[in-house]
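Heads up, the thing below is written out as structure tokens.
Values below: every heavy atom of this structure, side chains too, minus hydrogens, waters and symmetry copies.
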Amino acid sequence: MEDGVLKEGFLVKRGHIVHSWKARWFILRQNTLLYYKLEGGRRGTPPKGRILLDGCTITCPCLEYENRPLLIKLKTQTSTEYFLEACSREERDAWAFEITGAIHAGQPGKVQQLHILKNSFKLPPHISLHLIVDKMHDSSSGIRPSPNMEQGSTYKKTFLGSSLVDWLISNSFAASRLEAVTLASVLMEENFLRPVGVRSMGAIRSGDLAEQFLDDSTALYTFAESYKKKKSPKEEMSLSTMELSGAVVKQGYLAKQGHKRKNWKVRRFVLRKDPAFLHYYDPSKEENRPVGGFSLRGSLVSALEDNGVPTGVKGNVQGNLFKVITKDDTHYYIQASSKAERAEWIEAIKKLT
């Protein structure tokens, strides 16, 4: 990482004039957030734009886009709004924490307070659980249950544990994720919510109240009065549904070379096990459906040379590259943002081949 760089990596940014979503390489410095266009597998120069953080306000989680739950919203002193999407809740929260620290860099007391808040917990006094549940049911601003899958079963009218935590914070019912988790556990204790599926059912056996509700994108919950479950036998499921039924092992933004035009584009990769598949998604699209993917069974994965352009790679693309060869001899060329990230992906994929 370069000197003075607090954090860097891919985020998906909403355009100012045309509200399309495009992946950009972001670099966070003490008072500025720079973003770059990816050109032929390389970071373009000069920067595509810069966000001055002095006087900025940050909203995280930002729930203004229903189909993009992992957003950070920045509003500058001139009231310009930036919407940035991360690839996971953990990555979003890491960016939000670092950006908040950079915004308050000139106020050491504020930075120290942020670190204390990050690891503190205080349940807000005089919470009306009925008020919270009424607002959760609101058709325009509440929680919107939908069908979700877990381990081959489809559960109707459910929502993710992490989505409820985001909602509680966004609606000012909780000031931190830990506080929101405890509040959600209380809602379960009072029979307003019910756990659904193996992950969430297993958590309620914990004796610690704060650990009974899972702030997790694989744990499912539902409103107590609308509990419904519909099983889908695995033999009747489509292949694509089977592919997506595995547990998520790793996810992140990587650049991938296209098969036909050989151009490089940023994709959100999701690695799953049982069954082992690697899928990739177009982060510019609203729908959460993969644009491609392949089985890892019988696949080979290896790092490519960092000196010069490796065989099979088009354009002047080099550095942090790796290749996956599937069982049917299809070659996928992928680029990570660093050697460490490449090593992590190769190790994770090897475990599933």
Side-chain angles (χ1 to χ4, degrees), residues 10-15 18-24 38 61 63-71 83-92 143-163 166 197 199 216-220 230-234 236-261 263-297 299 324 326 328 330 332 334 345 348-349 352:
F10 284 117
L11 292 169
V12 178
K13 174 183 167 292
R14 192 194 75 172
V18 179
H19 288 179
S20 56
W21 297 81
K22 293 184 178 177
R24 296 286 184 248
L38 190 74
L63 304 182
E64 294 189 26
Y65 285 83
E66 183 183 350
N67 294 326
R68 294 184 183 272
L70 300 173
L71 284 180
F83 292 88
L84 313 175
E85 184 181 36
C87 63
S88 67
R89 181 182 62 74
E90 293 79 12
E91 188 67 8
R92 178 199 63 186
I143 294 281
R144 297 185 180 178
S146 59
N148 285 285
M149 282 196 64
E150 186 196 26
Q151 296 190 10
S153 295
T154 300
Y155 299 92
K156 289 186 174 181
K157 295 186 178 180
T158 56
F159 43 86
L160 308 178
S162 55
S163 297
D166 285 348
R199 286 276 293 141
D216 193 301
S217 59
T218 62
L220 303 180
K230 181 186 176 183
K231 284 200 170 184
S232 299
K234 289 194 174 182
E236 295 179 8
M237 292 163 64
S238 67
L239 178 62
S240 60
T241 307
M242 278 295 297
E243 290 179 10
L244 299 171
S245 66
V248 174
V249 175
K250 186 175 177 60
Q251 58 183 322
Y253 292 126
L254 298 167
K256 173 187 165 294
Q257 178 175 279
H259 285 296
K260 295 179 181 178
R261 296 183 182 178
N263 54 344
W264 288 83
K265 290 186 177 179
V266 177
R267 296 290 183 243
R268 179 171 67 90
F269 279 78
V270 178
L271 179 64
R272 294 181 172 89
K273 67 175 182 178
D274 302 325
F277 272 85
L278 184 60
H279 292 97
Y280 48 94
Y281 299 71
D282 185 346
S284 67
K285 304 296 184 187
E286 288 283 331
E287 63 267 15
N288 190 30
R289 286 184 295 184
V291 293
F294 48 91
S295 170
L296 291 174
R297 189 172 183 180
S299 295
V324 181
T326 64
D328 62 1
T330 303
Y332 290 85
I334 302 168
W345 273 100
I349 291 170
L352 301 179

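Within the 4.5 Å cutoff, side-chain heavy atoms of W345 are placed close to those of L254. You'll find the side chain of R267 reaches within 4.5 Å of the side chain of D282, heavy atoms only. Residues T154 and N148 have side chains not in contact (no heavy-atom distance under 4.5 Å, counting atoms from C-beta outward). In this structure, R89 and L70 have side chains that are in contact, with non-hydrogen atoms separated by less than 4.5 Å. Contact check for E64 versus L71: no side-chain heavy atoms found under the 4.5 Å cut-off. When side chains are defined from C-beta on, L244 counts as touching P290, because their heavy atoms get closer than 4.5 Å. For the pair P275/S245, a side-chain contact is recorded, criterion being any heavy-atom separation below 4.5 Å from C-beta on. Between F269 and K256, some side-chain heavy-atom pair lies under the 4.5 Å cut-off.
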*Please test Y65 against R14 for side chain to side chain contact (heavy atoms under 4.5 Å, CB included), starting from the C-alpha separation and ending with a verdict.*
CA-CA 11 Å; Y65 285 83; R14 192 194 75 172; 2.7 Å; yes

*Take I334 and Y280 through the test side chain to side chain contact (heavy atoms under 4.5 Å, CB included) and record every step on the way to the result.*
CA-CA 11 Å; I334 302 168; Y280 48 94; over 6 Å; no

*Run the numbers on V291 and K285 for side chain to side chain contact (heavy atoms under 4.5 Å, CB included), then give the verdict.*
CA-CA 10 Å; V291 293; K285 304 296 184 187; 5.6 Å; no

*asked:* Test side chain to side chain contact (heavy atoms under 4.5 Å, CB included) on F83 and R68; report intermediate values, then the result.
replied: CA-CA 10 Å; F83 292 88; R68 294 184 183 272; over 6 Å; no

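Within the 3.5 Å criterion, the main-chain N or O of S146 finds a donor-acceptor partner in the side chain of T158. Counting only distance, with no hydrogens or angles, the side chain of E150 and the backbone of R199 share a donor-acceptor pair below 3.5 Å. Side chain of D166 to backbone of P61: no donor-acceptor contact under 3.5 angstrom is found.
The line from CZ of F294 to NE2 of H279 is 9.5 Å long, rounded to the nearest 0.5 Å. Distance OG/S295 to CZ/F277: 4.5 Å, rounded to 0.5 Å. Atoms NZ and NZ, from K265 and K22 in turn, are 10.5 Å apart once rounded to the nearest 0.5 Å. We find the CG-NZ distance between L220 and K157 to be 15.5 Å, quoted to the nearest 0.5 Å.
Here the closest heavy-atom approach between residue L271 and residue A348 is recorded as CD2-CB, 3.6 Å. Taking every heavy atom of both residues into account, P283 and A23 meet most closely at CG-CB, 4.5 Å.
For NZ of K250, the number of neighbouring non-hydrogen atoms (other residues, nucleotides, ligands) closer than 6.0 Å is greater than 12.
Figure legend: R268 and Y281 shown as a cation-pi pair, the cationic atom lying under 6.0 angstrom from the six-membered ring centre and within 45 degrees of its axis.
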